[in-house]
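Working notes, structure below.
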Amino acid sequence: MQRRAFLGSLAAVSLFTHSGFAQSTATRLLAAQHRQQILPSGYPDTELWSFDAAFPGPLLRARQGERLAVTVENALPQPTAVHWHGLRLDNRMDGVPGLTQAPIPVGGTFDYDFALPDAGTYWYHSHAKSMEQIERGLYGPLIIDETDPPDVDQDIALIVDDIRLEQDGTVASFDNFHDLSHAGRIGNLWLANGQIDPSFPVKRGERLRLRLISAANARVFTLGLQGFEGAIVALDGMPLAAPQSLPDELVLAPAQRIDLIVDVTTDDEEAFLITFERDGGYAIAHFPVSGPSRASRGSSVVLPPNPEFPIDLATARTATVLIEGGAMSGMRAARVDGEELDARELAGRGLFWALNGVAGRPETPLIDVSVGESVRIGMANNTAFPHAMHLHGMHFAEVLGDGTLGPLRDTILINPRDTREIAFQAHNPGDWLFHCHMLAHHQGGMGTWIRVRG
Ligand code: C2O
Ligand code: CU
């Protein structure tokens with residue numbers, strides 16, 4: 001386990017600034033430009049776009065069964081909209097410009113107001129030009145507490161990200177065809193809660209709830225926890241029926257979340273959240289450990305389930321999604337607004353990816369079903385890159401090889417040349433986006449939608 005120098009010439013750093021989020025009960029979020037020190041002190045600060053002059057934005061927190069009402073005010077230089085990632089909410093509040101709402105114009109506001117049926121770890125982020133707006137800082141954590149939350153000593157939300165900054169502190173240009181046609185925008189600096197290797201003091205033997213959230217544009221993190229023992233208790237907000245004991249590697253694709261309940265078990269002076277890279281593991285956050293060990297709490301925790309919508313595989317309506325495009329896979333043509341374009345014409349429009357031969361959001365939905373029907377979607381990744389497919393509005397389960405269902409998720413990673421099948425009950429009426437959360441891929445054409453008739 002090592003520390004590393006970032007951005008070539010920067011020295012290894014360890015910042016001991018505070019890492020707590022401003023907790024917000026405020027019902028207003030101002031999206032605007034602001035400056036914040038991201039690079040170590042001595043380096044220039046960074047102009048970001050953020051919510052309420054904080055990066056990440058304030059922690060929004062409510063209790064399961066309550067409503068959340070947030071007025072978003074747009075003081076950015078371009079239109080925006082806010083998506084409440086992973087919430088099974090009212091379709092009109094889903095924050096997708098052109099599908100569920102008109103974008104919030106510069107100087108305008110939008111009143112979001114929705115019920116919160118589920119507990120869990122979620123996040124909110126811009127859903128307009130999201131490759132740019134999320135990268136510039138327009139995201140924050142969203143926690144819905146169980147009515148009877150598990151007993152822990154600390155509850156820590158950790159949003160991991162990789163931002164691409166220039167040496168002068170500016171956010172690197174978005175004018176980059178390589179990002180659009182390859183893995184996506186991969187950063188050159190790892191952040192946890194907007195900071196390089198932040199510090200979270202803990203006591204030996206303490207029990208922590210760690211809520212890992214990835215706000216990365218495209219990087220698939222492989223994370224590890226060193227100095228802890230415990231279990232994964234929820235994925236993408238949804239409790240696991242049986243907690244899974246802490247594995248050595250936690251794969252966290254863009255937009256995914258992992259909730260862990262862990263005890264600080266190390267005898268060392270520090271515990272770590274590590275990102276595993278090709279050349280070794282590096283601290284992305286660290287936990288100075290103090291005090292004599294307190295008595296172990298023993299048994300692991302099972303979170304209470306959220307409302308369930310059973311899936312009937314036998315009667316499910318089916319759809320398939322062929323994922324094509326990107327460098328090294330030779331997509332020859334795709335349809336855009338009903339017109340067949342060759343690869344050169346597509347590239348001229350910044351389009352490099354297609355779902356079922358269509359680049360960009362199609363006019364007709366991938367599937368059109370009635371509320372209560374079950375749906376199965378088989379996906380084949382015929383490209384050289386991984387994709388993190390995200391369904392809005394409903395959680396799905398993976399249909400595993402033996403025909404059983406995996407845990408509920410809202411974002412699934414599909415490796416190159418791999419296939420996956422998901423299933424869900426279409427319980428939430430509306431038009432729901434289904435897209436790659438590698439944001440350059442979404443911008444480059446990887447998005448479709450489904451219709452659930454009420
Ligand atoms: Cu995290 Cu379409 O969103
Ligand atoms: Cu993708």
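All ligand and atom numbering here is 1-based and tracks the order in the structure.
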Metal site atom 1 (Cu) of ligand 1: N/O/S of H83 inside 2.8 Å: no

Any N, O or S atom of H442 closer than 2.8 Å to atom 2 (Cu) of ligand 1: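 Checking H442: none of its N, O or S atoms is under 2.8 Å.
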
Partner of I261 by side chain to side chain contact (heavy atoms under 4.5 Å, CB included), out of L208, V301, L210: V301

Close side-chain approach of D279 and E277, heavy atoms under 4.5 Å: yes

Note, V70 side chain near V82 side chain (heavy atom, < 4.5 Å): no

Closest H441 atom to the Cu ion (ligand 2) [N, O or S only]: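 Atom name returned: ND1.
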
Heteroatom of H387 nearest to the Cu ion (ligand 2) (N, O or S, atom name): ND1

Expected output: side-chain N176 to main-chain L180 donor-acceptor under 3.5 Å: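 No, N176 side chain to L180 backbone: no donor-acceptor pair under 3.5 Å.
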
Check: N381 side chain, D418 main-chain N or O, donor-acceptor pair, under 3.5 Å: no

Evaluation steps, salt bridge (Lys or Arg N to Asp or Glu O under 4.0 Å), between D155 and R61: CA-CA 12 Å; D155 184 330; R61 191 156 204 166; 3.0 Å; yes

Among the N, O or S atoms of H437, the one nearest atom 1 (Cu) of ligand 1: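 Looking at H437, the N, O or S atom with the least distance to atom 1 (Cu) of ligand 1 is NE2.
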
Angle subtended at atom 2 (Cu) of ligand 1 by H392 NE2 and H127 NE2, rounded to 10 degrees: 100°

The Cu ion (ligand 2) reached by H442 (N, O or S, under 2.8 Å):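 H442 does not place any N, O or S atom closer than 2.8 Å to the Cu ion (ligand 2).
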
Metal-centred angle, atom 1 (Cu) of ligand 1 as apex - ND1 of H85, NE2 of H125, 10° resolution: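 My answer is 120°, to the nearest 10°.
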
